Amino acid sequence: MIRAIKGTKDILPEEVGAWQRVESAARALFARYGCREIRTPIFEETQLFARGIGAETDIVSKEMYTFADRDESSLTLRPEATAGIVRAVIEHNLMNEDPALRVYALGPMFRRERPQKGRYRQFHQVDVEIFGVAAPSVDVEVIQIALGFLEAAGLPDYELVLNSVGDAACRPAYVETLRAALRANLATLGPDSQRRAETNPLRVLDSKAPEEQALIESLPKISEHLCDACREHFAEVRRQLDLFAIPYRVDHRLVRGLDYYTRTTFEVTSGALGAQNSVLGGGRYDGLVKDLGGPDLTGIGFALGLERLVMILGAPKAERRCDVFLALLAPAGRDKALLLQRELRAAGLAVLTDHEGRGLKSQMKRADKLQSRFVALLGDDELAKNVWTVRDMAGSSQETIEDARIAAYLKEKANG
RNA sequence: GUGGGUGUAGCUCAGUCUGGUUAGAGCGCCAGGUUGUGGCCCUGGAGGCCGCGGGUUCGAGUCCCGUCAUCCACCCCA
């Protein structure tokens with residue numbers, strides 16, 4: 001038997017409703033914040049991600065779906081959305097037309113990781129990006145979009161975690177300070193962290209190794225090494241969050257996995273996801289557009305994992321799949337039934353009928369399962385009198401309706 | 001890439017430790033109980049190379065080895 005690829009998953013009709021609700025909630029909310037949708041290809045030149053995300057990150061070094069095209073150019077299925085969007089912004093000079101560009105995107109991403117709870121190799125993200133606004137108030141606005149979306153989707157409880165990772169002016173010095181502190185304590189670090197101490201010291205901060213926790217707490221904190229501009233920016237972000245009474249927790253160990261983040265980084269976590277407790281992550285990336293060959297344009301955004309969100313929200317109740325079920329008992333009435341079906345469908349009603357000559361009881365059960373509001377019954381008696389019997393399934397009441405009125409009757413009842 | 005759990009009906013799972021007639025349950029599906037009426041209830045039916053391959057044995061769903069799949073965790077992340 002041919003099965004779905006490891007780490008991929010069919011979204012079956014039963015669960016698609018939950019996805020559509022979340023997606024339409026996203027579109028409606030983002031529109032209120034002036035964001036327009038952008039759709040970029042799901043594969044790009046490998047170089048885009050290597051340069052954008054950072055060659056030393058785990059994503060680029062070991063988790064990308066990279067393959068050679070027929071002309072030997074290296075292509076990669078996008079592991080995240082931001083790089084492709086930035087590429088499109090630069091390529092089409094979107095910032096010239098709109099210096100405060102707001103976009104959102106929605107679609108599949110690919111990372112070749114070991115699957116586990118809430119983590120797939122093809123997963124879906126909702127993504128919001130705002131370009132060209134450096135003011136801290138836009139950081140808070142983006143956070144409001146993120147939290148507003150979680151509320152609209154119906155996520156019961158979550159926690160906003162916040163940090164600042166500095167910028168090109170102050171982070172390099174901090175990284176060196178941190179590296180020095182780590183070198184002085186190499187003995188207490190595990191092999192992974194020893195390696196990171198050299199390659200990417202920030203990543204040591206979110207190590208979960210129990211024996212490293214005491215040391216990590218004692219390491220210099222980035223909040224104490226921010227430059228004036230970053231410190232003021234972060235203070236203003238926090239002040240505005242307080243202004244809006246948005247609860248948050250500052251975690252100086254929150255360093256995100258992508259190299260391009262500057263200043264504000266944030267994450268939203270929720271229980272019920274096991275170890276994969278992060279449902280949303282984002283931050284500012286003021287150097288990325290320039291790094292990718294564009295103008296010196298600031299950016300900030302977030303990405304949200306739909307699988308994880310849908311999983312937390314749980315299974316929705318079954319939906320009505322039929323307004324009118326046509327129960328046919330007399331083969332001679334088939335043409336009449338099919339013509340009525342066509343007319344009602346043209347009027348916008350969901351209509352189904354039995355094609356296999358099943359018994360009435362069987363057809364009624366089917367109508368019930370589809371949660372049909374009405375059953376229009378056509379048997380020998382009705383055929384002889386040129387009428388239909390219409391049953392209201394919820395009220396268990398029936399009426400006799402003449403042929404001439406049946407279509408109009410059902411259209412009005414089912415729409416009302 | 002590393003570690004652990006689990007693979008039996010469409011789905012969720014008993015049965016495996018202590019090997020032995022035709023492998024079970026609930027849900028779902030189909031039909032009947034009502035000459036033409038759903039939900040609740042009752043009855044019946046269909047549907048299983050017990051993941052796959054090898055081994056031990058008179059005999060394997062059950063024990064052993066391998067393999068694949070899947071889940072959870074680590075790493076990392078949405």
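Every chain is numbered from 1 and lettered A, B, ... according to where its sequence line falls, protein lines coming before strand lines. A quick note: this is a predicted structure, and the numbers were derived from the prediction, not measured.
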Full working for salt bridge (Lys or Arg N to Asp or Glu O under 4.0 Å) between A:R102 and A:E141: CA-CA 12 Å; A:R102 294 165 174 243; A:E141 197 176 5; 2.8 Å; yes
Evaluation steps, side-chain hydrogen bond (donor to acceptor under 3.5 Å, both in side chains), between A:T8 and A:Q122: CA-CA 5 Å; A:T8 70; A:Q122 175 176 341; over 6 Å; no
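B:C11 and B:G48: their P atoms are spaced 13 Å apart (whole Å). To the nearest whole angstrom, the two P atoms, one in B:G32 and one in B:C13, are 33 Å apart. Distance noted for atom P between B:C52 and B:G10: 13 Å (whole Å). Taking atom P on both B:G20 and B:G1, the two are 39 Å apart, rounded to the nearest angstrom. Atom name C1', nucleotides B:U43 and B:G36: the rounded distance is 22 Å, in whole Å. Going from the C1' atom of B:G33 to that of B:U37 covers 14 Å, rounded to whole Å. Nucleotides B:U16 and B:G24 have their C1' atoms positioned 14 Å apart, rounded to a whole Å. Rounded to the nearest Å, the gap between the C1' atom of B:U35 and that of B:C27 is 33 Å.
Looking at residues 102-112 of chain A, you'll see A:R111 sit with a heavy atom under 4.0 Å from some atom of RNA chain B. Proximity of residues 349-368 of chain A to RNA chain B (heavy atom under 4.0 angstrom from any strand atom) is restricted to A:R358, A:L360, A:K361, A:S362, A:M364, A:K365, A:D368. Less than 4.0 Å separates RNA chain B from at least one heavy atom of each of the following residues of residues 383-394 of chain A: A:R391, A:M393.
Contact annotation: A:Q116 side-chain N/O to B:A73 OP1/OP2 distance is under 4.0 Å. One finds a side-chain N or O of A:K6 lying less than 4.0 angstrom from the OP1 or OP2 phosphate oxygen of B:U70.
Within 3.5 Å, no donor on the side chain of A:E63 pairs with an acceptor on the base of B:G1, nor the reverse. A donor and an acceptor atom never sit less than 3.5 Å apart when one is taken from the side chain of A:S372 and the other from the base of B:G38.
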When you compare the protein's N or O atoms with those of nucleotides 45-52 of chain B, which come within less than 3.5 Å of each other, and at what distance?
none

Provide a list of protein-nucleic acid N or O atom pairs under 3.5 angstrom, restricted to nucleotides 27-29 of chain B.
unit_1	atom_1	unit_2	atom_2	d
B:G28	O3'	A:K369	NZ	3.3
B:C29	OP1	A:K369	NZ	2.4

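Residues that satisfy the salt bridge (charged side-chain N to carboxylate O under 4.0 Å, His left out) test with A:E113, not counting sequence neighbours, are A:R119.
Relative to the ring axis of A:F234, A:R238 places its NZ or CZ within 45° and under 6.0 Å from the centre.
The distance from atom CD of A:E14 to atom C1' of B:U12 is 14 Å, rounded to the nearest whole Å.
Pair assignment for B:C17: none, as no Watson-Crick or G-U wobble contacts are both less than 3.5 Å. In this structure B:A60 sits in no base pair that meets the Watson-Crick or G-U test at under 3.5 Å.
Within the nucleic acid shown, A:L309 has no heavy atom closer than 4.0 Å to any nucleic acid atom. Among the atoms of the strands shown, base atoms are found under 4.0 Å from some heavy atom of A:Y120.
Taking a 6.0 Å sphere around CD1 of A:I5, one finds it holds 12 or fewer heavy atoms contributed by other residues, nucleotides or ligands.
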